[in-house]
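Each residue takes its place number in the sequence, starting with 1. Everything quoted here is computed from the prediction, not taken from an experiment. Below, each value reflects all heavy atoms present in this structure, side chains not excepted, and no hydrogens, waters or symmetry copies.
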Amino acid sequence: MSALEVWVDQDLCTGDGLCVQYAPEVFEFDVDGLAYVKQPDGELLLAPGSRVDVPEHLRLEVIDAAKECPGDCIHVHRTADDVPVAGPNAS
């Protein structure tokens with residue numbers, strides 16, 4: 001199974017919170033009310049386009065979060081070749 005990485009486009013984030021409900025280990029809100037990805041140690045990555053690896057045991061939750069996101073702002077790509085597997089650019 002290919003490794004995946006995920007990031008959030010805050011310009012499109014609606015602050016709905018589905019991602020945080022699906023995978024709180026990966027997504028978290030900042031004080032601006034928008035979702036961001038975070039490192040396994042809990043560090044929130046605030047820089048635009050920051051990516052984190054998707055933990056193997058959370059793959060389905062992260063993919064579901066991308067599919068259900070009302071802002072269509074969660075990008076999940078295969079790490080090896082950067083091909084989108086879920087989110088706005090996935091086929």
Side-chain angles (χ1 to χ4, degrees):
M1 207 178 279
S2 298
L4 301 177
E5 59 186 5
V6 61
W7 74 96
V8 176
D9 182 343
Q10 284 78 28
D11 290 338
L12 300 176
C13 181
T14 61
D16 187 83
L18 283 175
C19 58
V20 177
Q21 291 175 6
Y22 274 106
E25 299 92 339
V26 176
F27 304 103
E28 186 175 316
F29 285 122
D30 195 26
V31 295
D32 61 6
L34 302 177
Y36 293 84
V37 292
K38 60 184 179 178
Q39 297 281 17
D41 65 4
E43 178 189 353
L44 207 57
L45 301 180
L46 300 176
S50 293
R51 299 179 179 205
V52 295
D53 293 330
V54 176
E56 184 73 30
H57 68 285
L58 293 173
R59 290 170 64 96
L60 290 177
E61 289 85 348
V62 170
I63 289 169
D64 285 346
K67 289 180 178 177
E68 299 296 324
C69 176
D72 211 20
C73 67
I74 300 171
H75 301 262
V76 183
H77 285 210
R78 279 195 313 248
T79 304
D81 56 10
D82 207 33
V83 169
V85 296
N89 299 322
S91 48

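- Side-chain atoms of D30 never come within 3.5 Å of backbone atoms of D32 as a donor-acceptor pair (strictly under, hydrogens ignored).
- Nearest heavy atoms, E25 versus K38: O-CE, 3.5 Å.
- Considering only residues two or more places apart in sequence or on other chains, A65 meets the side-chain contact (heavy atoms from CB on, under 4.5 Å) condition with C19, Y22, F27, I74.
- The shortest non-hydrogen separation linking V8 to A35 is CG1-O, 3.4 Å.
- Contact between A86 and A66 at its shortest, heavy atoms only, is CB-CB, 3.8 Å.
- No chain of hydrophobic side-chain contacts below 4.5 Å, direct or via other Ile, Leu, Val, Met, Phe, Trp or Tyr residues, connects L18 to F29.
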Pair up each side-chain donor or acceptor in residues 39-53 with any protein partner under 3.5 Å, not counting sequence neighbours, and list the distances.
unit_1, atom_1, unit_2, atom_2, d
D41, OD1, E43, N, 2.9
S50, OG, A47, O, 2.7
R51, NH1, E5, OE2, 2.5
R51, NH1, D82, OD1, 2.8

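- Summarising the geometry of A90 relative to V85, their closest heavy-atom pair is CB-C, 3.6 Å, with the distance given to 0.1 Å.
- Transitive grouping of hydrophobic side chains (ILVMFWY, heavy atoms separated by less than 4.5 Å) brings I63 and V26 into a common cluster.
- With hydrophobic clusters built from ILVMFWY side chains whose heavy atoms lie under 4.5 angstrom apart, V20 shares a cluster with V6.
- Residues forming a side-chain contact (heavy atoms from CB on, under 4.5 Å) with D9 (at least two apart in sequence, or on another chain): D11, L12, C73, H75.
- Residues H77 and L4 fail the side-chain proximity criterion, which asks for heavy atoms closer than 4.5 Å.
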